[in-house]
> 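One structure follows; several queries about it will come next.
All residue numbers refer to positions in the sequence shown, counting from 1. The analysis underlying the following values was restricted to heavy atoms, covering all of them including side chains, and did not include hydrogens, waters or symmetry mates.
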Amino acid sequence: MREIEQYGLLGDDECELFPWLPTPRPPFNIWVTPEELAPFFLVQHHPFSISLLLRTGDRFQADIWKQLGLEGSSKDWETLTKGIIKEWEEDNSGTDMFHFDWDEEIFCVFSQYIDDLMMLARRVRAVCNDKNSMCRYLG
């Protein structure tokens, strides 16, 4: 397993430069609280991106995953999140705003679009509170 700060970390040559942002980029404005996202958590990769992570070994929503015949692995979390993102992209103009970086123990979705990632993080957390929603996005 890598260090937590390494998930979603972009190299200098991988970062998209946004002409509307001042150089250097100002500190991120994190407007979601850790309590709103738990057990997910955010890691900042200033000045480029931010990551939303989950330790899959914590077995968050394990009973729902089991009922669906899934394990709750990082790949399962990616499938769920991609379902949410697909709906997101239908309602917004951004494409390829979110990227994934995971292994067997950590699920990570990250983006340079800080506010969009925080909104996605809240949406993923809300979906996890509703079994029917989880099923809809996984189906």
> What pair of heavy atoms forms the shortest contact from Val127 to Tyr137, and how long is it?
CG2-CE1, 3.5 Å
> Output all residues satisfying side-chain hydrogen bond (donor to acceptor under 3.5 Å, both in side chains) with Trp65, sequence neighbours left out; order by chain, then residue number.
none
> Please report the interatomic distance CE(Met118) to CG(Leu37), rounded to the nearest 0.5 Å.
9.5 Å
> I need the full list of salt bridge (charged side-chain N to carboxylate O under 4.0 Å, His left out) pairs touching residues 39-50, with sequence neighbours left out, sorted by first then second residue.
none
> Please verify the inter-ring angle class for Phe60 with Trp77; under 30° counts as parallel, over 60° as perpendicular, anything in between as tilted.
parallel
> Show your reasoning for whether side-chain contact (heavy atoms from CB on, under 4.5 Å) applies to Leu54 and Ile106.
CA-CA 6 Å; Leu54 173 72; Ile106 299 288; over 6 Å; no
> Closest heavy-atom contact between Cys108 and Phe110?
SG-CD2, 4.1 Å
> Answer yes or no: is there a donor N or O on one side and an acceptor on the other, between the side chain of Thr56 and the main chain of Ser74, under 3.5 Å?
no
> Is any side-chain heavy atom of Asp115 less than 4.5 Å from a side-chain heavy atom of Trp31?
yes
> How long is the straight-line distance from CG of Asp58 back to CD of Glu105, given to the nearest 0.5 Å?
10.5 Å
> Which heavy-atom pair separates Phe98 from Ser111 by the least distance, and what is that distance?
CD2-CB, 3.9 Å
> Let me confirm one number: the CD1-CD1 distance from Ile50 to Ile114, rounded to the nearest 0.5 Å.
5.0 Å
> Ring of Phe100, cation from Lys82 - is the NZ or CZ under 6.0 Å from the centre and inside 45° of the axis?
yes
> Show every salt bridge (charged side-chain N to carboxylate O under 4.0 Å, His left out) that has at least one partner inside residues 36-52, sequence neighbours left out.
Glu36-Arg122
> Test side-chain contact (heavy atoms from CB on, under 4.5 Å) on Val109 and Asp101; report intermediate values, then the result.
CA-CA 6 Å; Val109 58; Asp101 181 14; over 6 Å; no
> Could you check whether any side-chain heavy atom of Phe107 comes within less than 4.5 Å of a side-chain heavy atom of Leu53, counting everything from C-beta outward?
no
> Can you list every salt bridge (charged side-chain N to carboxylate O under 4.0 Å, His left out) pair that touches residues 127-139, not counting sequence neighbours?
Glu87-Arg136
> Once rounded to the nearest 0.5 Å, what's the spacing between atom CD1 of Ile85 and atom CG of Asp116?
10.5 Å
> Where do His45 and Ser51 land on the side chain to side chain donor-acceptor pair (under 3.5 Å) test, with the steps shown first?
CA-CA 8 Å; His45 303 293; Ser51 296; 3.0 Å; yes
> Using the test side-chain hydrogen bond (donor to acceptor under 3.5 Å, both in side chains), find all partners of Asp63 that sit at least two apart in sequence or belong to another chain.
none
> So, taking the atom named CZ in Arg59 and the one named NZ in Lys66, what distance separates them when rounded to the nearest 0.5 Å?
9.5 Å
> Heavy-atom count check: over 12 atoms from other residues, nucleotides or ligands less than 6.0 Å from Glu71 CD?
no
> Side-chain contact, heavy-atom cut-off 4.5 Å: Met97 with Leu120?
no
> Could you tell me the separation between the CD1 atom of Ile84 and the CE atom of Met134, rounded to the nearest 0.5 Å?
8.5 Å
> Could you check whether any side-chain heavy atom of Pro34 comes within less than 4.5 Å of a side-chain heavy atom of Phe40, counting everything from C-beta outward?
no
> Can you name the residues that form a side-chain hydrogen bond (donor to acceptor under 3.5 Å, both in side chains) with Ser73, not counting sequence neighbours?
Asp76
> Is there a donor-acceptor pair closer than 3.5 Å between any side-chain N or O of Arg125 and the backbone N or O of Ala38?
yes
> Please check: side-chain N/O of Ser133 versus main-chain N/O of Asn129, any donor-acceptor pairing under 3.5 Å?
no
